[in-house]
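In listed order, ligands and their atoms are each counted from 1. Since this is a predicted model, take the numbers as computed values, not measurements. In what follows, every heavy atom counts, from backbone to side chain, and hydrogens, waters and symmetry copies are set aside.
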Amino acid sequence: MLKFTSSASALILAALIAAHPVAANAEHLNLSQGWSVHKGDAVGANQGSYDDRGWTQVVAPHDASIMDGPDGTPFDAKATAGQDSGYLPGGVVWYRKHLNLTDAQVNQVAKLNFEAVYMDAEIWVNGQSVATHRYGYTAFSVDLTGKLRAGDNLIAVRVNHEDPSSRWYAGTGLIRPVSLDLQNCVHIEPESVAITTPVATPQTGEVVVATTIANCAAKPQSVELVSEVVAVDGKVVARSAMPISASIKAGVPLTQKLTVSSPALWSTDAPNLYTLVQRVRIDGAVVDERRTRFGIRTISVDAVNGLRINGQPVRLRGGNIHHDNYMLGAAGFHDADTRKVALMKAAGYNAIRNAHNPASRATLEAADELGMLVIDEAFDAWNKDKRPKDYARFFADNWQEDITSLVISGRNHPSVLFWSIGNEIPESGTPLGVETGHKLTALVRRLDPSRPVTQAVNAEPPLDDAQFATSDVAGYNYHPYLFAGDHEKFPNRVMFTSESTSKDAFQYWRPVETMPWVIGDFVWTAVDYIGETGIGWMGYSQDWQKLGPYPWHLAYCGEIDAIGRKRPAAYYREVLWKTGIDPISAFVRQPDGTEDLPDRHLFPITPPHLDWSLDDVHPSWTWPAQEGKALEVDVYSEFPQVELFLNGKSLGRKAVGVDSEYKAIYAVPYAPGRLVAVGYRDGREAGRWELRTAGDPALAQLSSDRTQIRANGEDLAYVNLKLVDENGTPIYARSGDRKVTVHVSGAATLAGIGNGNPMDASSFQSGVRSTFHGQLAFVLRSLNQAGEIHVEVEIEGLPTQYLTLNAVSDTAGQGDN
Ligand code: GAL
């Protein structure tokens with residue numbers, strides 16, 4: 001770090017900068033490492049003198065609710081939040097971290113950034129209370145300028161997660177990253193940078209940048225703001241240098257317009273990105289630098305053309321997600337949040353609704369990079385609560401701060417499509433709801449006039465303008481049958497399904513294909529989540545109150561399960577959306593009364609299946625004791641004709657298309673062997689899908705999503721374990737499941753292990769779990785040391801497996817802001 005006061009030094013600095021064009025006085029310190037945590041209250045823990053030697057060492061992001069309790073599991077059948085939280089408790093939790101700073105650092109402008117703390121947090125620095133923040137999902141910064149000291153500093157955080165605070169599993173603690181920004185007295189206000197791209201054509205990209213330059217000193221300064229648009233290959237494609245002659249003591253808002261010719265536009269198919277590099281110069285010397293990644297694209301919506309990105313029509317192939325990362329709990333590690341987006345992209349989704357709170361930065365960055373659109377949502381409740389201890393307690397005092405945080409955190413991400421001000425708000429449609437909706441929308445539009453505003457409504461007709469008065473786009477939860485009639489009444493209304501049931505995918509998607517004013521469908525949910533236990537079961541009682549008793553802890557309605565496996569519903573959706581990913585697939589309806597039931601207790605007994613349960617079909621041709629009985633085989637196909645073969649014998653060809661809802665249904669007398677579905681286009685084979693009867697498990701195959709991670713204490717590698725028989729056929733039947741024990745040594749630690757079984761409430765941290773439908777997954781987290789990572793996996797009755805990965809030293813520089 002360099003700090004110069006005289007103009008002579010400034011000249012030297014300018015020369016240095018010419019050689020190393022790096023930020024001069026700005027530092028972004030990642031504070032993920034070195035936290036201590038304590039569950040329960042701890043009097044005096046905000047003071048430096050407090051003895052925290054008995055506390056547990058952790059890294060942020062961290063979720064205290066997922067840590068094992070005294071009996072070796074985090075789950076508690078008596079947890080106050082019950083099925084809402086998946087029988088996981090909240091509570092009071094303390095965090096402490098020491099931070100050593102130099103003289104030069106403590107003289108900087110300092111901002112301590114929390115990306116989310118669940119919830120109702122108070123922060124102390126060196127024993128002094130510096131902030132409170134109630135909402136558990138919004139980013140906030142604490143101004144520590146002048147409050148830090150050279151040498152040791154103590155940051156203490158008390159979290160007060162009172163139960164029940166949420167309708168789903170929220171987690172407890174520092175659930176998203178923590179960092180410290182140190183800047184020169186004259187600096188770019190980090191939250192001020194707002195980039196819009198009002199023109200985005202193949203010829204021209206117009207980039208409008210708003211920035212505020214601040215000056216902490218009493219003395220006015222003359223500065224220059226240089227903003228450059230840098231392409232991925234490092235070329236500067238647009239530049240604006242703006243001298244500011246006025247006094248900047250009070251903070252000066254500036255607007256710069258940059259033009260990029262022949263820009264690489266951002267879209268879901270081609271997610272091209274640029275970086276805005278901004279430098280503040282005084283007498284030629286760089287005193288602050290800020291990098292903001294963005295994309296050049298436009299969004300428009302209307303009831304005639306639907307949604308268009310860069311003028312091109314887009315249908316929203318959407319999925320809702322909650323924020324938890326299953327075996328990691330609510331800890332929003334960058335790699336975990338990124339993986340969730342990547343899993344959705346790989347399954348053909350092009351849009352996420354982040355239910356029902358602001359998305360993490362990692363989620364938005366992944367969406368930017370992978371080409372996913374995001375509906376970034378503010379709240380599940382406004383003035384009226386849904387649970388006694390939820391955010392509604394704080395809404396009146398905090399909504400402005402939280403809406404501001406939502407928009408400021410998300411507005412430079414090209415992936416963010418709409419702002420949603422709420423989900424199923426109890427008071428919507430009433431005068432209070434209308435008034436509140438207007439206030440929220442007005443603030444959103446002031447902070448970002450470039451994006452449509454929406455909210456999700458689940459109400460019986462008429463869905464009049466009071467419900468949607470403030471929305472540019474109307475989100476309907478579960479009411480596809482209203483689209484035609486509401487269009488007659490409100491011909492300008494742009495509509496979409498903000499939540500739908502998976503088993504009715506066809507009924508929800510048809511309007512998107514046939515009604516231009518219906519722009520998409522978001523299933524509840526794309527990825528399984530903790531809490532709302534058993535809504536994908538709706539089993540024996542069909543009684544909401546009796547759903548998912550302990551040990552249920554997952555909703556089990558995810559089309560992608562908790563460990564990342566696509567369930568049959570995800571394959572059907574790929575076909576419905578004509579993604580070409582798996583253009584033909586086949587699954588078998590679970591018969592009654594089998595001896596080796598794969599999932600009988602997890603599915604409704606009596607059709608019709610209700611609500612959020614998935615269709616009871618399975619990727620298996622292993623059905624002991626069913627010989628000769630007719631099993632229903634459902635073939636999903638993008639191809640217009642399919643043919644099914646059992647052990648080489650044709651069971652006939654069938655036409656498939658919109659009339660058959662892209663399915664062909666066969667009744668197949670069961671015999672072990674090979675079931676093959678072949679798809680034909682123009683009379684020729686165009687694709688096939690095979691299910692084979694599995695024997696006993698013979699081997700566990702390990703595969704890791706990465707072989708190398710950075711030794712930064714945060715990188716994750718996900719390892720999948722899959723049981724196969726001696727021919728390599730995957731095991732699916734429950735009798736094939738095996739107990740697994742994972743040992744990790746070397747340069748990583750086991751961060752979690754899970755199997756996706758909604759009723760297996762054992763520890764996520766012990767390293768011991770059974771497979772579920774023949775698989776499980778575990779997560780390795782790097783430490784701060786480079787070297788080999790050794791994984792040994794014992795599998796009951798099968799050969800032990802080994803895996804070696806590498807942690808390499810983390811030389812990556814400071815990322816974009
Ligand atoms: C909706 C709600 C979601 C989820 C879903 C399934 O009404 O908006 O948050 O609760 O039901 O239970």
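- No part of Asn320 comes within 4.0 Å of ligand 1, judged by heavy-atom distances.
- In terms of polar-atom proximity, defined here as any N/O pair under 3.5 Å, Glu424 does make such a contact with ligand 1.
- Checked against a 3.5 angstrom limit, the closest N/O atoms of Trp524 and ligand 1 fall outside it.
- Just one residue in the list Tyr662, Trp509, Tyr571 forms a ring pair (Phe, Tyr, Trp, His ring centres under 6.0 Å) with Trp577, and that residue is Trp509.
- Centroid-to-centroid, the aromatic rings of Tyr550 and Phe75 stay 6.0 Å apart or farther.
- Note: no N/O pair closer than 3.5 Å links Trp612 and ligand 1 by distance alone.
- Here the CG atom belonging to Leu316 is positioned 7.5 Å from the CZ atom belonging to Phe496, to the nearest 0.5 angstrom.
- Heavy-atom contacts of His356 reach the following atoms of ligand 1: 3 (C), 8 (O), 9 (O) (cutoff under 4.0 Å).
- Taking a cut-off of under 4.0 Å to the non-hydrogen atoms of Glu532, the atoms of ligand 1 that pass are 4 (C), 6 (C), 10 (O), 12 (O).
- Side-chain N/O atoms of Tyr349 and Glu559 include a donor and acceptor closer than 3.5 Å.
- Close contacts between ligand 1 and Ile535 involve ligand atoms 6 (C), 12 (O) [criterion: under 4.0 Å to a heavy atom].
- Heavy-atom contacts of Asn477 reach the following atoms of ligand 1: 8 (O) (cutoff under 4.0 Å).
- Taking the side-chain hydrogen bond (donor to acceptor under 3.5 Å, both in side chains) definition, one finds that Arg393 meets it with Glu162, sequence neighbours left out.
- A donor-acceptor pair shorter than 3.5 Å cannot be found between the side chains of Asn357 and Asp380.
- Annotation: Glu499 places an N or O atom under 3.5 Å from an N or O atom of ligand 1; distance criterion only.
- Applying the salt bridge (Lys or Arg N to Asp or Glu O under 4.0 Å) rule to pairs touching residues 415-425 yields nothing, sequence neighbours excluded.
- Using a 4.0 angstrom heavy-atom cutoff, Tyr478 counts as in contact with ligand 1.
- The distance criterion of under 3.5 Å between nitrogen or oxygen atoms is met by Arg167 with respect to ligand 1.
- Going from atom CZ of Arg353 over to atom CZ of Phe418 covers 12.0 Å, rounded to the nearest 0.5 Å.
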